[in-house]
Every structure is written in C-alpha cells, then in structure tokens.
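In this text, all values refer to a predicted model and were calculated from it rather than measured experimentally. Read the numbers this way: they start at 1 and go in the same order the structure lists the ligands and their atoms.
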Amino acid sequence: MTDVIPAASTPRIPVRGGGLPSDSTFPVRRIYCVGRNFADHAREMGASIDRGQPVFFCKPADAIVVDGVVPYPPGTQDLHHEVELVVALGHDAPIGVLDPADAPALVFGYGIGLDLTRRDLQAAAKAKGLPWDTGKAFDHAAPVSEIVPAHEVGPLAARGLSLKVNDTLRQQSGLDQMIWNVADILRELSKLYALRAGDLVFMGTPAGVGPLQAGDRFVASLDDLITLRGVVAPPRAPG
Ligand code: MN
C-alpha cells in the first residue's frame, strides 16, 4: 500500500500523572460536543431546555490546540469562549446502546477545554435552520488541557469549572449543574455513533459565555486540579 499524499499525523494531547511515562499522550479520534447542558447557559442563549434529547455537534480532531495559542479565527467578529469539561474515552463502547452503569469503564480521563465559537456565524445558521459547522468546527476551535486519568479526578459532581479572561472571572459552575451527566451523555451518544477509544466529549458550558479578542489571556480550571492557560493570538491566514 502506498499513500499518494503524506498521511496527516494524529492529533495528540499530553497526559499527566497516573504513574505513566512523562511523555504519555492521548491520540484523538473524534470530538463530540454537547449543547445546552447547563440550564443557565440555555437561558442566556434564549434556548429552551429539552430534557428528552441533548443537542450534539462535532469538531474535527485536528481542531485541538495543546499549546494554548489560539489565533483569532477568520470570518468572525464575535469569537466566544465556552469553558467545558472534556471526557477522554479509553475504550471502545460495546455494540448497542450503552448501559449507563458501563459508562465509567470507558473513560480514560478528563481535561478542561474551550468550545470556541464564532457566535455570529452560529447565530446566523440557527436563524436559518442551517448546520452549525462554520460556527463551531473551525481550525484551533478546541484548546484543551492535558488529560488527567479518571482515578486522579474522583467524583465529578463535587467539582467545579471556572474561566478567567485577563484575570476577570467570566464563567463558574459546579458540575452537579449539568442536565446530562457523563454516563447519560455517553448513553445518548451510543444511540447515534460507535464510541471508540480516542474520542473526546466536550460536555457543555455554563452561563457567562462572552467575547474574546486578540491579546486576551485565558485560564480555565477544574478546581485546582486541572488548568488550561492560553492566549488569543493575532489573526493568521488559514492554512
Ligand atoms: Mn459548548
């Protein structure tokens, strides 16, 4: 077999702790994202909350940013931050609909990330009933922290997310405020997709989303356990 073009390299995220070698990485297969998983954020977006069916969308795996440097994306005047828990799957799901009791065994670990959003493009798409891809699935749209093995994170419901931009607190919430917890979301995803080791799930954002400008520095945290530090860099030509 001969590739006719060079194969793209698999995006990888550093892994911290767990007694693993210090150069351990998590290779990313797919990125699933949950919309409207916190009632306060759904309200601030003017959206209704459907407790019967979560909203899903995807980002390309190579949208991840692991060095914290996010060039201001093209095509928008309104780049928004959404701080989110990131779930990293370490095993393939069994065939069929996942039993929520089996969900924890699929999880390798957790990180913290930003679901960066070109809010103006997303709003225009929503208004026309069109897909959200240009608003959500762009280059550098998923800065993410290192991944920490699940056993070092412990029970999620006791933990909280926060985001500071230029030292001002923008978003903060307990993870117990999620409408759908991780097991719920993995079950719902399993009805639609074959979940595999390497998949990431961005679990949705609480209230307080807002604009980022070139030069802004951000610090996203899961308590004092996981921290993502980064900066919005000046625009860069695509490619
Ligand atoms: Mn989001």
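- Annotation: ring-ring contact (aromatic ring centres under 6.0 Å, His included) contacts of F138 (sequence neighbours excluded): none.
- For residues 34-62, the ring pair (Phe, Tyr, Trp, His ring centres under 6.0 Å) pairs, not counting sequence neighbours, are F57-W132.
- The shortest side-chain heavy-atom distance between V148 and Y110 does not fall under the 4.5 Å cut-off.
- Listed by chain and residue number, the protein N/O/S atoms under 2.8 Å of the Mn ion (ligand 1) are E82 OE1, E84 OE2, D115 OD2, with waters left out.
- More than 12 heavy atoms of other residues, nucleotides or ligands shown are found within 6.0 angstrom of CG on L192.
- Taking the salt bridge (charged side-chain N to carboxylate O under 4.0 Å, His left out) definition, one finds that D115 meets it with K59, K136, sequence neighbours left out.
- In terms of hydrophobic clustering, with Ile, Leu, Val, Met, Phe, Trp and Tyr side chains grouped at heavy-atom distances under 4.5 Å, L228 and L212 are assigned to a common cluster.
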